[in-house]
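Read the structure below first, then the notes.
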Amino acid sequence: MTRTCLSLILAAGEGTRMRSSLPKVLHEVANIPMLSHVMRVCTAAESDKIAVVAGKGSELVIDVVQKENASASVHVQTERLGTAHAVLAAREAIEQGADDILVLFGDTPLLTPETLSNMRNVLAEGAAVVVVGFYAKDPTGYGRLLEKDDKLLAIREHAEATEEERAVDFCNGGIMGLSGQHALALLDAVDNKNAKGEYYLTDVVEIANAQGLSVKALEAPEAELIGVNTRNGLAEVEALWQNTARQKLMASGVTMQAPETVFLSADTIIEPDVELEPNIVFGPKVVVKSGAKIKAFSHFEGAVIGENADIGPFARLRPGTDLSAGTKVGNFVEVKNAIVHEGAKINHLTYVGDAEIGSKANIGAGTITCNYDGMNKHKTTIGAGAFIGSNSSLVAPVTIGDGAYIASGSVITEDVPSDALGIGRGRQANKAGMGEEIRVRNAALKAERSAK
Ligand code: UD1
Ligand code: CA
């Protein structure tokens, strides 16, 4: 597209009904703030510039905006005097000029880039204002879109609407496109002579019509325009988001036995031919490569799962986990900040943290890398083909060479050379007949006690 675009996101709402100390737009859907969703949609629709209008005490919002997009600007609306007033808090950004100006809300995370592109097309065809509407099952509370012959005449806020107007079920979704050429003049003409005494952005429609400009309405699915106001609403939007994301993954070739029990993050990448059993949680930054099988009740964050890996059930992968192809991580195994090379197996009841494990190494049940001394983290290195006997503690920093064996139950505090056997435990002693002696002694004690 050759036209330039400024996306302006209103995020100054206090979100009283969330009952939260966190600004509403920072509440998360799919593990990223709602505001980030909206910003990403703007970028996907090829916005050249993003401006966010935040409320007072908005340091947290500023932080999120800058992390999401370093070139985005934040403008503070110090008093909440209405949606048009909020837009004008970003006057500076509007004055810089853009062909298309899109006004969006920070609490509608299900918006799609297609809808923004459709708005931009209507502006490119010569409209001065385009409003996105939807058909509401229950239109109460929404502004009504009053149309005649393909023209949008007015948006009537519920509070101002007549009985007849309230019967209209085509509603304002809240988002609006303005031609950059007319935007400031239209916005500056808005006043606050209405039921709420607010500067309504929606008044721009009648002002533009009075100037003989073209004003259009565009339809989008209701789900895209859902605004989150409560924790309940947040959960509903999360459910819709998850459902769409699962469907996309299945369409791309991922098997899910019970899709409704799989939870994804906005950045989860799962390649085709991955199989997912029920109840799996994908926290942020997880990549699963083709052919991997993930068994039930596993929890991942910040992990790469290699091709044909076999994970779970009940596996926990924490940030910095990098599992190569054909690795196995079984039940009740926790892996953190560790590179596990091809074909290595960590099958049962183990903690691997701050480690590198060589290819085809076998880590026995109950192995613990003792990586933390109470102040610092230390690394454990295990060579290719090494065999760690069950119930061993590897006290880091420590290196186990290629092909080395560790006797089970060892506490290993010194490096073990390649192909050596490391044993770090008391030697076994068998005392002949002593088992029988103990049994006789215990039986006598018991008889004495019951005689009393
Ligand atoms: C608005 C629309 C209504 C539409 C509905 C869709 C107006 C006048 N009305 O009504 O037609 O059907 O959205 O959900 O636009 N905000 C600020 N600063 C302000 C006021 C609002 O940043 O001074 C932000 C809010 O945080 C919110 C958004 O603008 O994200 C909408 O404001 P809100 O007061 O919720 O408008 P509605 O009454 O829902
Ligand atoms: Ca609202």
Side-chain angles (χ1 to χ4, degrees), residues 7-18 20 22-27 33-35 37-39 51-58 61 65 74-91 102-111 115 129 131-146 152-161 165-166 168-178 186-187 190-207 217-220 222-230 233-234 237:
S7 291
L8 210 152
I9 304 171
L10 304 190
E14 285 167 354
T16 328
R17 282 176 288 165
M18 295 295 282
S20 175
L22 192 68
K24 177 165 80 172
V25 293
L26 298 190
H27 283 264
M34 292 196 275
L35 181 56
H37 282 273
V38 179
M39 290 180 73
V52 175
V53 176
K56 278 183 294 202
S58 48
V61 175
V65 169
V74 180
H75 309 265
V76 178
Q77 184 194 23
T78 41
E79 266 181 303
R80 282 184 100 246
L81 301 179
T83 41
H85 180 262
V87 172
L88 282 172
R91 180 185 288 276
L102 306 181
V103 179
L104 314 170
F105 294 168
D107 60 2
T108 55
L110 299 180
L111 202 62
T115 295
V129 180
V131 172
V132 179
F134 65 99
Y135 287 93
K137 274 163 241 122
D138 177 12
T140 311
Y142 289 109
R144 307 301 206 283
L145 299 187
L146 309 179
L152 180 64
L153 300 182
I155 305 177
R156 195 75 71 232
E157 288 307 298
H158 187 86
E160 261 87 20
E165 288 168 343
R166 284 185 182 180
V168 172
D169 63 351
F170 193 30
C171 292
N172 179 18
I175 66 178
M176 184 183 277
L178 297 166
L186 293 173
L187 290 162
V190 173
D191 64 28
N192 64 351
K193 296 186 186 99
N194 52 49
K196 287 194 192 162
E198 285 188 4
Y199 293 86
Y200 289 163
L201 175 62
T202 46
D203 283 356
V204 156
V205 170
E206 280 171 287
I207 295 166
L218 184 79
E219 199 200 325
E222 181 171 4
E224 260 192 55
L225 301 168
I226 297 177
V228 170
N229 295 314
T230 60
L234 185 67
V237 161

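Both backbone and side-chain heavy atoms feed into the values below; hydrogens, waters and symmetry mates do not. Just so you know, ligand 1 is whichever comes first in the structure, and atom 1 is the first atom listed for that ligand.
Looking at Leu225 against ligand 1, nothing comes within 4.0 Å, counting heavy atoms. Residue-level proximity to ligand 1 for Tyr142 is carried by backbone and side chain together, each with a heavy atom below 4.0 angstrom. When heavy-atom distances to ligand 1 are checked against a 4.0 Å cut-off, Glu157 comes that close only through its side chain, counted from C-beta outward. Of all the heavy atoms of Lys24, none lies under 4.0 Å from any atom of ligand 1, so neither backbone nor side chain is involved.
Not a single heavy atom of Arg156 lies less than 4.0 angstrom from ligand 1. At a 4.0 Å cut-off, not a single heavy atom of Val53 sits close enough to ligand 1 to count as contact.
Between Leu22 and His27, the shortest heavy-atom distance links the atoms O-NE2, 3.6 Å. What you find for Asp107 and Lys24 is that their closest heavy atoms are OD2-NZ, 2.8 Å. Nearest heavy atoms, Ala217 versus Leu145: CB-CD1, 4.2 Å.
Of the candidates Leu201, Leu111, Ile9, Val103, Leu111 is the only one forming a side chain to side chain contact (heavy atoms under 4.5 Å, CB included) with Ile175.
Ligand 1 has an N or O atom lying under 3.5 Å from an N or O atom of Gln77, backbone or side chain. Considering backbone and side-chain N/O atoms, Phe105 never comes within less than 3.5 Å of an N/O atom of ligand 1. Ligand 1 has no nitrogen or oxygen under 3.5 angstrom from a nitrogen or oxygen of Ala86.
In this structure, Leu81 and Glu198 have side chains that are not in contact, with every pair of non-hydrogen atoms separated by 4.5 Å or more. Taking the side chain as every heavy atom from C-beta outward, Leu146 and Val168 approach each other to under 4.5 Å. Side chains of Val205 and Asp203 form no contact here, defined as non-hydrogen atoms less than 4.5 Å apart.
Per-residue contacts place Tyr200 under 4.0 angstrom from the following atoms of ligand 1 (heavy atoms of the residue considered): 8 (C). Those atoms of ligand 1 that come under 4.0 Å of a heavy atom in Thr83, given as number and element, are 7 (C), 8 (C), 15 (O), 20 (C), 21 (C), 29 (O), 31 (C), 32 (O). Per-residue contacts place Gly143 under 4.0 angstrom from the following atoms of ligand 1 (heavy atoms of the residue considered): 3 (C), 4 (C), 11 (O), 12 (O). Near Lys196, with a cut-off below 4.0 Å to any heavy atom, the atoms of ligand 1 are 38 (O). Heavy-atom contacts of Gly173 reach the following atoms of ligand 1: 6 (C) (cutoff under 4.0 Å).
A donor and an acceptor atom, one from each side chain of Glu224 and Thr115, are located under 3.5 Å apart.
With a 6.0 Å radius and a threshold of 12 heavy atoms from other residues, nucleotides or ligands, Glu219 has its CD atom above the threshold.
The residue from Gly82, Ala11, Gly13 that puts a heavy atom closest to atom 19 (C) of ligand 1 is Gly82.
Distance alone, capped at 3.5 Å, is enough to place a donor-acceptor pair between the Arg144 side chain and the Tyr142 backbone.
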